[in-house]
Amino acid sequence: MHDNYKTLLKNNGMGRAGIGLILLVLLPALAAPLLSPYLPGEYSGSIFAPPSGSYWLGTNDVGQDIWTRLLYGARTSLLIGGGVALLATLTALVVGGSAALCGGLYDQVVMRFVDALLVLPAVLIAILASAYLVPGISLLIILLASLIWPQAARIFRARILSLKEEGYISAARTFGASETYLMVRHILPLLGPILSAVIVQHGRRAIFMEAGLSFLGVSDPTLISWGSMLQHALRYTYLDVWKWWMLPTGLLLSMTITGLALLGFALETISDPRLLPAGNR
Amino acid sequence: MGKIKILLTYLTAFLLILTLCFILPKMMAGDPLMALYGDEALVVMTPQLQAELIERFALNKTLFEQFVAFWGALAHGDLGESYAYNAPVAEVIVKALPWTLLLVGSAFIISALFGILLGIESGSRRGGRLDRSLLTCLMLLNGFPDFVMGILLLLLFGVLLAIFPLAGAVTPYSGETGFSLVIDILHHLALPLGTFILVRIPGIYLLTRNSMVMQMEESYIMTARAKGCSECKVRYHHSARNSLLPVLTLIGTQMASIITGALFVERVFSYPGLGNLLYESLLNRDYPMIQGILLMMTLMVLVINLLVDLLYTRFDPRVAHA
């Protein structure tokens with residue numbers, strides 16, 4: 001059913017644009033030490049220096065190179081996005097999958113709990129927890145992942161429940177396939193499209209939430225993050241520094257999130273072809 | 001979901017958030033009073049006050065008794081004292097609340113209205129020029145976090161063009177009354193409101209559009225066309241009515257994200273609502289205040305979601321029997 005999956009993604013304009021935007025952030029982030037002679041925490045110049053040959057985007061209020069902090073900030077964002085995406089998706093798959101396969105009372109209890117988590121506003125809880133815990137990268141990944149998985153658990157459960165009823169699954173079962181074998185060999189491969197869409201959406205939400213938390217100043221203050229860069233820059237709107245400090249940071253953050261949103265939307269469209277524009281079907 | 005199931009879900013969520021509020025301060029290292037009240041409080045703490053607070057939180061008793069004391073205080077609407085403001089938390093919150101309600105309420109109504117209208121128009125012309133351009137534009141807008149959009153508007157209209165004020169909700173000490181006061185308030189509201197409208201339209205638009213696209217393929221649409229209904233009537237009277245059902249569920253989440261978004265947008269424009277209050281409390285590490293605001297906002301979100309869910313079973317009876 002989805003064997004032409006990669007081709008579909010390649011032919012999807014939004015998907016291509018999304019991947020392009022993500023690479024535009026990912027590649028410089030990986031190559032950060034090559035693209036900048038400074039370290040992000042280094043006080044390398046005078047304060048509020050305007051852009052010049054040695055400081056491409058000038059320096060901030062304590063003399064750190066803004067371009068360098070942007071590069072390393074991308075690393076933080078992507079690391080958190082990736083970490084949360086994997087952890088949250090795995091949790092959702094285990095919880096949703098086990099609920100669908102076991103059924104009965106276990107399913108009832110677990111899904112009631114998932115529903116309760118779903119109606120709680122994740123960002124508010126994240127702010128509350130961070131205010132007390134002042135999380136660094138690893139704690140932040142765990143915190144955000146534990147807040148955003150429930151929605152995907154519902155999606156996975158529904159999808160697995162409907163796949164379970166397919167004819168070829170019953171056929172495999174009559175041939176003596178075990179539940180685990182069915183899950184790994186028959187159900188998981190078919191979850192591929194929706195799984196990748198969920199991973200991308202999780203990454204987007206995580207990056208968004210991390211930036212928000214850092215913007216409010218509740219994450220670890222030593223974390224090099226776009227959110228906290230924006231928070232600092234906002235204090236100096238009366239100076240000209242916003243042009244090379246605030247604007248690039250805000251646009252880069254939005255670009256990353258837009259890239260992930262486009263890719264996620266494309267993947268969702270592919271897994272549900274009814275949403276495709278008429279010409280592309 | 002039946003009504004009992006829904007109520008049970010919200011009850012669980014309510015218990016979860018309260019338990020979290022109780023556990024989190026306990027997870028901090030050091031003096032529990034400091035965790036509950038922050039460093040600032042210790043400066044003004046007299047031995048007498050300390051004894052009183054220990055008594056109040058039952059800190060010298062078992063964990064279970066502390067838990068009971070915590071619930072008892074909450075049941076009386078007692079959110080604690082804020083040392084930074086030297087007033088009960090509930091009182092400070094109530095003062096900031098009207099500004100947040102004004103911002104959130106107007107943002108919600110306007111963005112829902114535009115989102116739904118654009119979604120209907122776009123979804124019923126799938127693949128057309130209007131649909132393609134709207135979809136692209138709004139997908140791009142979708143990527144902007146509220147505070148980044150706020151900053152961009154602030155820089156463009158506040159700093160660069162200087163046609164809107166940079167901060168606050170009214171011009172301080174202007175002593176304006178009546179009509180000119182209303183104009184002043186609207187003038188200050190314009191940028192934060194604009195931010196919300198731009199950021200919040202895409203979510204509603206995308207869902208309405210997708211739902212509309214699916215409805216337009218149903219056979220009752222063909223029937224409506226066959227019996228000679230005008231395109232406008234098919235769109236709004238037949239297809240939109242059914243397309244808006246899933247959109248109704250989004251209204252709850254949309255409301256939640258506008259309320260949380262207010263925390264960030266108010267900070268950008270120093271708008272004197274709950275968000276700005278929270279930011280200042282975070283700076284002061286004023287824990288009773290932080291907890292009070294977040295608990296209050298979470299409850300707002302829960303109540304709205306509960307109402308939407310209950311309404312939904314009424315609009316779509318299929319759900320109640322599922």
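So that the names make sense, note that chain A is the first sequence line, chain B the second, and so on, each numbered from 1.
- Using a 3.5 Å distance cut-off with no hydrogens or angles, the side chains of Glu210(A) and Ser225(A) do pair a donor with an acceptor.
- Residue Ile293(B): no heavy atom, backbone or side chain, is found under 4.5 Å from chain A.
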Review point. Could you walk me through whether Gln201(A) and Gln151(A) pass the side chain to side chain donor-acceptor pair (under 3.5 Å) check?
Key: CA-CA 11 Å; Gln201(A) 298 293 11; Gln151(A) 201 171 10; over 6 Å; no
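- The main-chain N or O of Ile224(A) is found under 3.5 Å from a side-chain atom of Thr76(A) such that the two form a donor-acceptor pair.
- When each of Pro145(B), Gly123(B), Ala256(B) is scored by its heavy-atom pairs under 4.5 Å with chain A, the top score falls to Pro145(B).
- In this structure, the portion of Leu278(B) lying under 4.5 Å from any heavy atom of chain A is its side chain and not its backbone.
- Heavy atoms of Ala211(A) lying under 4.5 Å from chain B belong to its backbone as well as its side chain.
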Exercise for review: Mind running side chain to side chain contact (heavy atoms under 4.5 Å, CB included) on Phe215(A) and Val148(B) for me, showing each step along the way?
Suggested key: CA-CA 10 Å; Phe215(A) 179 71; Val148(B) 174; over 6 Å; no
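- For Leu26(A), the side-chain contact (heavy atoms from CB on, under 4.5 Å) partners two or more places apart in sequence, or in a different chain, are Leu23(A), Leu30(A), Leu78(A).
- For Val119(A), the parts lying under 4.5 angstrom from a heavy atom of chain B are both the backbone and the side chain.
- When each of Leu152(B), Leu20(B), Leu155(B) is scored by its heavy-atom pairs under 4.5 Å with chain A, the top score falls to Leu155(B).
- Among Gly227(A), Ala261(A), Gly212(A), Ala17(A), the residue making the largest number of heavy-atom pairs under 4.5 Å with chain B is Gly212(A).
- Under the salt bridge (Lys or Arg N to Asp or Glu O under 4.0 Å) criterion, Arg200(B) pairs with Asp146(B), not counting sequence neighbours.
- At distances below 3.5 Å, not a single donor-acceptor pair connects side-chain atoms of Tyr271(B) with backbone N or O atoms of Ala262(B).
- With a threshold of 4.5 angstrom between heavy atoms, Ile127(A) approaches chain B through its backbone and through its side chain.
- Chain B forms more heavy-atom pairs under 4.5 Å with one residue of Ile257(A), Leu124(A), Val123(A) than with any other, namely Leu124(A).
- Leu15(B) does not touch chain A: none of its heavy atoms, backbone or side chain, sits under 4.5 Å away.
- With a 4.5 angstrom heavy-atom cutoff, Leu154(B) touches chain A only via side-chain atoms.
- If you measure heavy-atom distances from Leu216(A) to chain B, the contacts under 4.5 Å come from both the backbone and the side chain.
- Tyr279(B) touches chain A through its side chain: at least one heavy atom from C-beta onward sits under 4.5 Å away, while N, CA, C and O do not.
- Residues Leu135(B) and Leu206(B) meet the side-chain proximity criterion, which asks for heavy atoms closer than 4.5 Å.
- Note: Phe108(B) and Phe196(B) fail the aromatic proximity criterion, with ring centroids not under 6.0 Å apart.
- Comparing Thr260(B), Leu8(B), Leu11(B), Thr12(B) by how many heavy-atom pairs each has under 4.5 Å with chain A, the most go to Thr260(B).
- With hydrogens and angles disregarded, a donor-acceptor distance shorter than 3.5 Å links the side chain of Ser211(B) to the backbone of Ser243(B).
- For Leu161(B), the CG atom counts as densely surrounded, since its 6.0 Å shell holds more than 12 non-hydrogen atoms of other residues, nucleotides or ligands.
- Interface summary for chain A: among Leu302(B), Leu295(B), Asn305(B), the most heavy-atom pairs under 4.5 angstrom belong to Leu302(B).
- Taking chain B as the reference chain and counting heavy-atom pairs below 4.5 Å, the highest number among Thr258(A), Leu117(A), Leu118(A) is found for Thr258(A).
- Among Leu283(B), Val301(B), Ile290(B), the residue making the largest number of heavy-atom pairs under 4.5 Å with chain A is Val301(B).
- In this structure a side-chain-to-backbone donor-acceptor pair under 3.5 Å is present from Trp226(A) to Leu70(A).
- For Phe147(B), the part sitting under 4.5 Å from any heavy atom of chain A is the side chain, from C-beta outward, and nothing else.
- Interface remark: Met255(A) contributes no atoms to any contact with chain B (heavy atom separation under 4.5 Å).
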